[in-house]
2 protein chains.
Amino acid sequence: MSSDLPDTRTRILTATWKILESRENPARMSDIAKAVGISRQALYLHFPNRAELLVAVTRHIDEVNDIDARLAPSRAATGVARLDAYVAAWSDYIPEVQGVARALIALQDRDAEAARAWAGRLAAVRHGFEAAVQAVDDSGALRPGLAPAQAVDLLCALVSVETWTRLVQEDGWPQDVFTATMVRLARNAVCTR
Amino acid sequence: MSSDLPDTRTRILTATWKILESRENPARMSDIAKAVGISRQALYLHFPNRAELLVAVTRHIDEVNDIDARLAPSRAATGVARLDAYVAAWSDYIPEVQGVARALIALQDRDAEAARAWAGRLAAVRHGFEAAVQAVDDSGALRPGLAPAQAVDLLCALVSVETWTRLVQEDGWPQDVFTATMVRLARNAVCTR
DNA sequence: GTGTCAACTTTACACGCTGTCAAGTTGATC
DNA sequence: GATCAACTTGACAGCGTGTAAAGTTGACAC
């Protein structure tokens, strides 16, 4: 408690997080600087470019949210319940990362580093879905004729930031309705009835 | 047959269409001009800006593909079959519009006109889904507890350009597998079993 | 007190892309 | 031979990112 203010780097991360959450038009570096209360150039003292700032924000969000704790229930479950738990956990996590995610997606076209960063995040989510599908398959509940890899593809495509944006942000669905619907949909998509 | 070449406007439209289909990085105005074989400035003699060019390309694609004929089978069907037919028709149309769609989506953040244009296209698709859901509801097959508007939201979010890009473009699904999966998924999502 | 150092500010500028402007060139038509 | 539309060439403003350089400030060492 020797210092009241968190260090500048942390202030940048939280301010960027918040500004990306709130506004949909892509926050410029100058907008972020203004939000932090520093000059635009000071941003470049802490992060070499926009892409790395965004990546650092995602890591910061994971840290603050204790991503491991969020996923614990999913890892504890088995069979279809494991799929349910993972879909619910990821669905409920999307609101936290949605802002940065959209910024990274938008940057993807022009910035190779942003593309790699976002691909890395997707790979992590995919990894979770792979474990969930494995659990479903182990319990014999995987839909016949559906290869595990295909099931994972489908789940990643369905329970995505894009779907969340459409339903929650644009169509005004409450978060809990979104999560419940995704859980049902995911089960229907890859499990036997 | 007085002239062998189509007029410049048409050549711009088809060239833009093709270049957007092939490459994923956003084609610049100079890239398009080069593909047409004219100067960058000549583009601005035909279209006031990038957004209106893209919009014109979507209209051109609709014309070339005779969108009405594609939707005829869907309009002829009733009940759940109508939903199936519409989902299949839209799924099979996505590959045609996907290039321009992605360009418009990318432009959305920075260009209000592009945002409106893309919203208009989505509204047209949504209108089709509304009719399909109505048909399902009329036949008493709409999932209990699911409001028609919610069903439409869900279908729009599921059978989307974004989902297609993920599964077909990134995961390498064959188009027919995508379409079949979307038909099944859509039915599971909004119909009683 | 003076010096030093890190963090930050201010100002300026290069680059890439979009869109605008103005002055040619060309080729068909009257 | 004049005219006109379509197109070219070249130049430039605006905007956002990222780089560069010189100046300010405050803490800490000695």
Side-chain angles (χ1 to χ4, degrees), chain A residues 1-16 19-20 23-57 100 102-117, chain B residues 1-16 19-20 23-57 100 102-117:
Chain A
M1 306 224 173
S2 63
S3 75
D4 273 358
L5 275 178
D7 64 348
T8 306
R9 189 189 150 91
T10 307
R11 277 164 52 220
I12 292 174
L13 292 174
T14 56
T16 306
I19 206 174
L20 286 173
R23 52 192 296 180
E24 47 189 276
N25 40 337
R28 291 155 299 192
M29 294 300 268
S30 53
D31 295 327
I32 295 171
K34 193 177 295 177
V36 184
I38 60 176
S39 68
R40 182 175 72 89
Q41 279 58 25
L43 288 180
Y44 291 97
L45 297 177
H46 294 271
F47 305 94
N49 52 50
R50 186 178 165 82
E52 291 213 11
L53 167 58
L54 294 180
V55 171
V57 171
V100 213
R102 282 175 60 79
L104 274 174
I105 291 171
L107 206 56
Q108 241 178 341
D109 290 334
R110 285 160 283 156
D111 189 310
E113 197 189 346
R116 272 188 300 106
Chain B
M1 304 230 173
S2 63
S3 75
D4 272 358
L5 275 178
D7 64 347
T8 307
R9 189 189 150 91
T10 307
R11 277 165 50 221
I12 293 173
L13 293 175
T14 57
T16 307
I19 206 175
L20 287 174
R23 52 194 296 178
E24 47 189 276
N25 41 336
R28 292 156 297 192
M29 294 300 269
S30 53
D31 295 327
I32 295 171
K34 192 177 295 178
V36 184
I38 60 176
S39 68
R40 184 176 71 90
Q41 280 60 23
L43 287 179
Y44 290 98
L45 296 176
H46 295 270
F47 304 96
N49 53 50
R50 186 179 165 81
E52 291 214 10
L53 167 58
L54 294 181
V55 172
V57 172
V100 213
R102 281 175 61 80
L104 274 173
I105 291 172
L107 205 57
Q108 242 179 339
D109 289 334
R110 285 161 282 156
D111 189 311
E113 197 188 345
R116 271 188 300 107

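Nothing here was measured: the structure is a model prediction, and the numbers come from that model. Chain letters run A, B, ... following the sequence lines, proteins first and then strands; every chain starts at 1.
D:dT17 atom P lies 15 Å from atom CZ of A:Phe47, rounded to whole Å. The distance from atom CZ of B:Arg9 to atom C1' of D:dA5 is 17 Å, rounded to the nearest whole Å. Distance CZ (B:Arg11) to C1' (D:dA6): 11 Å, rounded to an integer number of Å. The CG-C1' distance, from A:Asp7 to C:dC8, rounds to 14 Å in whole Å. The nearest whole Å value for the distance from the CG atom in B:Leu43 to the P atom in D:dT9 is 13 Å. As a whole-Å value, the separation of A:Leu53 CG from D:dG16 P is 17 Å. For A:Tyr44 and C:dA6, the OH to P distance is 23 Å, given to the nearest whole Å.
Salt-bridge check for B:Lys34 with B:Asp31: failed, with every basic side-chain N at 4.0 Å or more from each acidic carboxylate O.
In terms of heavy atoms, A:Arg9 sits closest to A:Ala56 at NH2-CB, 4.1 Å. Of all the heavy atoms in A:Ala106 and B:Asp109, the pair that sits closest is CB-OD2, 3.6 Å. Pairing each heavy atom of A:Arg11 with each of A:Val36, the nearest pair is NH2-O, 3.4 Å. In this structure, B:Ala117 and B:Leu104 approach most closely via the heavy-atom pair CB-CD2, 4.4 Å.
Contact annotation: A:His46 side-chain N/O to C:dC8 OP1/OP2 distance is under 4.0 Å. Contact between the side-chain N/O atoms of B:Thr8 and the OP1/OP2 oxygens of D:dA6 is not found at any separation under 4.0 Å. Phosphate contact (OP1/OP2 of C:dC17, side-chain N/O of B:Ser30, threshold under 4.0 Å): absent.
Residues from residues 103-113 of chain B that place a heavy atom under 4.0 Å from any atom of DNA chain D: there are none.
With C:dT9, C:dG19, D:dA6 as the candidates, the nucleotide lying closest to the side chain of B:Arg40 is C:dG19. Distances from the side chain of A:Arg50 to the nucleotides D:dA6, D:dG18, D:dT8 place D:dG18 closest.
Both B:Ala27 and A:Leu45 sit near DNA chain C, but only A:Leu45 has its closest nucleotide nearer the 5' end. Nearer the 5' end of DNA chain D, as judged by each residue's closest nucleotide, is the contact made by B:Ile38, out of A:Arg28 and B:Ile38.
Contact check for B:Leu20 versus B:Leu54: side-chain heavy atoms found under the 4.5 Å cut-off. A 4.5 Å side-chain heavy-atom check between A:Leu13 and A:Phe47 finds at least one atom pair inside the cut-off.
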Write out a two-atom table: protein N or O, nucleotide N or O from nucleotides 21-26 of chain D, distance below 3.5 Å.
none

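Between the CG atom of B:Leu43 and the OG1 atom of B:Thr16 there is a distance of 7.0 Å, given to the nearest 0.5 Å.
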### Query
Passes side-chain contact (heavy atoms from CB on, under 4.5 Å), B:Arg50 versus B:Asp111? Steps please.
CA-CA 10 Å; B:Arg50 186 179 165 81; B:Asp111 189 311; over 6 Å; no
